[in-house]
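The structure appears right after this line, and notes come after that.
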Protein chains: 2
Amino acid sequence: MPTIKDVAKLAGVSIATVSNTLNGGRYVSPPLRSAVLSAVRSLGYVPNGVARSLRRRHTQTLGFLVPDITNPFFSGLVKAVERAARKQGYQVLLSSSEENPELEFDLTLALASRQVDGLIAVPTGDSTEYLEHLGLPVVLLDRIGRSESLDRIGVNNAQAAQTGTEYLLAQGHRRILLLVSTLELANIRERVEGYRRALEAAHLPYHPEWVVACGREANSVEAAITAIQTHRPTALFAATNRLSLIAVRAIRHLRLAFPEEISLLGFDDFEWSTLLEPYLTTVVQPLEAMGSTALELLLARIKDNDHPPQTLLLPCELAVRQSVARA
Amino acid sequence: MPTIKDVAKLAGVSIATVSNTLNGGRYVSPPLRSAVLSAVRSLGYVPNGVARSLRRRHTQTLGFLVPDITNPFFSGLVKAVERAARKQGYQVLLSSSEENPELEFDLTLALASRQVDGLIAVPTGDSTEYLEHLGLPVVLLDRIGRSESLDRIGVNNAQAAQTGTEYLLAQGHRRILLLVSTLELANIRERVEGYRRALEAAHLPYHPEWVVACGREANSVEAAITAIQTHRPTALFAATNRLSLIAVRAIRHLRLAFPEEISLLGFDDFEWSTLLEPYLTTVVQPLEAMGSTALELLLARIKDNDHPPQTLLLPCELAVRQSVARA
DNA sequence: TTGAAAGCGCTAACAC
DNA sequence: GTGTTAGCGCTTTCAA
């Protein structure tokens, strides 16, 4: 690979002139300018970004840590963040922790060592202390835990789940099962809380057994099946996109008429859900806004670290389609 | 952020000793060793990977260029490549070109400038000349075009499509529409060729009009609808996962009994397809093997660039499920 | 067994 | 306007 020296030699100028024509640092006269440019072209010179970063002391790179790149919710977030970052002249370095806290920790260190200028993180769990002492601008996205010292941007989970539940209630449903992955995630606990609040507002009892933990694996459909058989709900509220999948499998396994005998409300929207018929009615999270807002907060923090951390909760919307029938 | 100098000063040793205890370069006596380690801990020192890379002249980083991170086929590939890379001590720098050739080019340059040690690329199209002159080890994955000078690992598309078509034929179908995105992709053309060969082997005529180009956008369902109305097929063969989506929408739009009146065979397997009932019968590509083989070829090329480029074509399998009925 | 110092490729301060 | 040079943080050679 040619270096800036090779270009300078070929163009018959100093390396400073090469650097300046390439970076627009200071005025370079047209003749030298074009000499440099043609030398660059004929050598196929690409500036060494590693050396540049070392010298400039920043990398124009942001780290983005997600739990699972394969989940359409996160890949949608990735797209949103990348687009926003590109617009601001930043690249993003993506790391997928595969929901593994140790791997997450290692990846974070790797990102720090690569000198990313900042980090957007969707942690595997709510334990984010180590992120607070990273000595790096960090914003928490989606799974914002309870850290008060980091910028966070999330969604109003309780509100969203309450709205969803109220919709189900308005359709006449009284026996509503809430399918959750694990109560270990604050996001999920808040969704439970929203569900509870809707019930309470309607003067209906809250049955803890109606909140069924299905685990974090995509293929654990047994818990859902058992719960449906036991509690005979008329509607299912899946608190996560993966859980919509599980719900559908359970409904089919039990050969229930869908949505006539049992309704389904999902959380998180995703393109491939249109394979499902009836089309899934769902609480949709504002992916694009989440990504771009996270980026904004991070850039602001990079520019100036001396302002208090903010927490932004974005609202979700309900997309009414076909999977919820009147009870 | 503390540097190696800070650590050396605090530990009362030279920076060489810090480097050597951290990297195991040469023997360091236990007392100095532990002095260094405790200094590292108390400062929260993380080595500057940028400086390290500049000095070592490699980054232990591989670039991976995909057309769309949001497509489960590619995100599956990403997971496979990342896992394989991690096992070999490499990190991967992911770039998503959003099927945009100019963006692809820019991203590739950015990757080169970041001094990745090698690049795995799934290009947006079949024009890969610029990748050949990048001065960087490159392996082409999935969309391998016709470059003879690069290592390539793909799938036997013609064979796979032929097997799929033969299966449809064996189920008694005679009017089979092949849904494709665009004939611009060699992969797709090969799938068409496999379809043609199966027809030919069965002494059946090949109707070019039965190959319907739906475009690369996910929501262009009109072409499929029109083709179904015009040609009255008993089976659809979707040459791509997105096209399965389109096929399903078209089938529903026309209110055809599925799979009784019209069967569907997909290409590419993906978790979320289980939302579809009947379960999708599909040609499945060996994601894991594709990813790990690509990595192997790339590592071999990085280690020694003096061997002729290889092309590996992996076989696909047919997963028979429920979406194909007997005609 | 350890330290001093050169140098990776670049940018920016300084000199002319 | 342009060239020379110090130095970013690290690894590694050379000296001791």
Between P on D:dC10 and CD on B:Q60, what's the gap in Å once rounded to a whole number? 17 Å

To the nearest angstrom, the CZ-P distance between B:R55 and C:dA6 comes to 12 Å

Give a yes/no on whether any side-chain N or O of B:S29 is located under 4.0 angstrom from OP1 or OP2 of C:dT2. yes

The nucleotide from D:dC10, D:dC14, C:dG9 with an atom nearest the side chain of A:L54 is C:dG9

What's the closest nucleotide to the side chain of B:Y45 if the choices are C:dC10, D:dC10, C:dG3? D:dC10

N/O (side chain, B:T17) to phosphate O (OP1/OP2, C:dT1) under 4.0 Å: no

Qualifying side chain to side chain donor-acceptor pair (under 3.5 Å) pairs, either residue in residues 38-47 of chain A, two or more places apart: none

If we check side chain to side chain contact (heavy atoms under 4.5 Å, CB included) with B:T293, which of these qualifies: B:I153, B:D151, B:L141? B:I153

Got a donor-acceptor pair under 3.5 Å from the side chain of B:R56 to the base of C:dG9? no

OP1 or OP2 of C:dT2 less than 4.0 angstrom from a side-chain nitrogen or oxygen of B:S14, does that happen here? no

Electrostatic pair A:D68:B:K79 at N-O distance under 4.0 angstrom: yes

Spacing of A:M1 atom CE relative to C:dC10 atom C1', expressed in whole Å: 16 Å

Hey, does A:V50 reach any base, or is it just sugar-phosphate, or nothing, if we go heavy atoms under 4.0 Å? nothing

Checking contacts here: which listed nucleotide (D:dT11, D:dC10, C:dC14) is nearest the side-chain heavy atoms of B:T3? D:dC10

Atom pair distance, as rounded to whole Å: CZ in B:R33 and C1' in C:dT2: 15 Å

Given DNA chain C, 5'-ward residue of the pair A:R52 and B:A16, judged by closest heavy atom: B:A16

Rounded to the nearest Å, what distance is computed from the CG atom of residue B:N48 to the C1' atom of nucleotide D:dG9? 6 Å

I want to check one thing: is the phosphate of C:dT11, taken as OP1 and OP2, less than 4.0 Å away from some side-chain N or O of A:R57? no

Any idea which of C:dG3, C:dC10, D:dG9 is nearest the B:I4 side chain? D:dG9

Just by distance, with hydrogens left out, do B:E132 and B:S149 show a side-chain donor and acceptor under 3.5 Å apart? yes

Let me know the distance between CG of A:L32 and P of D:dG3, rounded to the nearest Å. 6 Å

Rounding to an integer number of Å, can you tell me how far A:K9 NZ sits from C:dG9 C1'? 14 Å

Is the shortest side-chain N to carboxylate O distance from B:E99 to B:R143 below 4.0 Å? yes

Whole angstroms only, please: what is the CD-C1' distance between A:Q115 and D:dG9? 9 Å

Is the distance from OP1 or OP2 of D:dT11 to the nearest side-chain N or O of B:N23 less than 4.0 Å? yes

Identify whether any heavy atom of B:I15 sits under 4.0 Å from a base atom; if not, whether one sits that close to sugar-phosphate; answer base, sugar-phosphate or nothing. base

Test your reading of the model: is there a side-chain donor-acceptor pair from A:S95 to the backbone of A:L107, 3.5 Å cut-off? no

Under the 3.5 Å rule, do the base of C:dT1 and the side chain of B:R26 count as making a donor-acceptor pair? no

Would you say A:N23's side chain and A:G25's backbone share a donor-acceptor pair under 3.5 angstrom? no

Quantify the bending of the helix from C:dT1-D:dA16 to C:dC16-D:dG1 as the angle between its end axes, each fitted on five pairs, to 10°. 50°

Got a sec, which pairs hit ring-ring contact (aromatic ring centres under 6.0 Å, His included) with one end in residues 64-110 of chain B, sequence neighbours left out? B:F105-B:Y130

